[in-house]
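Below is one structure, written out as structure tokens; the observations come after it.
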Amino acid sequence: MITSPPSAEALQRFPALARHSRTATRLHPRPADVTMHDSHVGGPLLWPADEPWPTCGDKREVEDQVPLPDDLVERMRAAAASRRAGQPVDDGPALDRDLRRAVGGGYTGWIETADGRTVGQRTLWRRHQPRNPLLPVAQLRAADVPDLPRPKGVDLLQVLWCPAQHKGPPWGPVVRLRWRRQADVIDPLTVQPVSEVDHPRYALRTCRLSPERVVEHAPLAELPPRLRQEVESWNANYDALAVAPGWKAGGYTTWPTTGFRPTPCSTCAGRTRLALVIATSECGGGWSSGDREPDEPTGVLIGHYGAMRIFVCVRCPGTPFIEDIQ
Ligand SMILES: [Zn+2]
Ligand SMILES: [Zn+2]
């Protein structure tokens with residue numbers, strides 16, 4: 001059902017926005033039990049028993065604790081006592097140098113552990129050993145999510161990721177997509193592999209979806225210059241009215257961190273389409289979030305309270321995609 005979102009107010013004021021409109025399907029995830037046959041977030045996938053489950057062997061961030069030699073800990077305690085007493089710390093620069101040397105590359109600081117030990121901390125980039133089975137992020141049936149862009153002949157999108165901070169852009173979870181025909185999965189996998197979760201906020205609560213179709217308008221950065229000027233002087237928060245917040249498929253997205261960036265397909269250089277937004281929060285811009293919908297239903301935290309956006313090219317073989325975090 002197409003509802004009357006805040007974007008309708010902008011359209012009433014600027015009828016020219018009609019040429020810069022798209023529908024999107026807001027997903028409205030809410031914690032609930034689901035089955036492998038539903039559209040959902042974080043639930044079991046409809047997966048052929050004879051198809052290998054994707055795994056990750058990339059380098060990811062690991063917090064490491066390094067025991068420190070007793071004499072160094074003594075010097076650190078003496079320095080802390082001097083600071084507390086308001087005395088100068090003569091040993092300061094040498095102590096800092098020796099501490100960094102003892103901890104090694106990736107030094108981030110030191111802490112007192114719960115059992116009273118003083119340890120150094122460092123961040124390392126390590127490969128998963130063994131490879132890490134990916135975690136289900138979302139399963140979207142085209143019948144439930146009409147604005148999902150998809151290649152011909154398929155009716156299901158499955159999104160999986162490796163729940164860790166990985167080395168290299170966009171410095172987040174490694175994402176894989178699977179497109180299928182539900183009817184092809186005759187013998188589904190009943191017990192799915194368990195992922196090691198390095199980053200607890202990349203583990204998702206299992207949620208059922210309540211899809212809602214809405215009309216969105218292009219954000220300021222994608223409007224022609226004159227219309228952009230008029231709209232901007234009418235309402236400086238136009239983008240929040242024009243583009244729905246939260247998890248959704250299709251429609252537009254904004255670029256609050258980097259400013260607008262084109263997302264050409266890596267294979268054909270043509271335009272990609274926004275397939276899915278994986279958002280920290282469901283709220284913003286006066287858009288209805290439904291009855292008693294929690295602000296962060298899935299528990300996921302992306303970037304600095306932002307969202308991951310997945311753009312796809314449905315024309316190219318293999319359906320190339322781009323992931324971006326803002
Ligand atoms: Zn990984
Ligand atoms: Zn392409």
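First listed ligand is number 1; within each ligand, the first listed atom is number 1.
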note = The atom of His166 among N, O or S that is nearest the Zn ion (ligand 1) is NE2
Arg228 side-chain N/O to Glu222 backbone N/O, donor-acceptor pair under 3.5 Å = no
key: Atom of His128 nearest the Zn ion (ligand 1) (restricted to N/O/S, atom name only)   = NE2
query = Does NZ or CZ of Arg180 come closer than 6.0 Å to the centre of the six-membered ring of Trp47, within 45° of the ring's axis?
reply = yes
query = Can Glu296 and Arg201 be counted as an ion pair, charged N to O under 4.0 angstrom?
reply = yes
request  = Answer yes or no for Arg309 and Trp255: cation-pi contact, defined as NZ/CZ to six-membered ring centre under 6.0 Å and angle to ring axis within 45°.
outcome  = yes
message = For the metal site, I want the angle between atom SG of Cys162 and atom SG of Cys56 with the Zn ion (ligand 1) at the apex, to 10°.
response = 110°
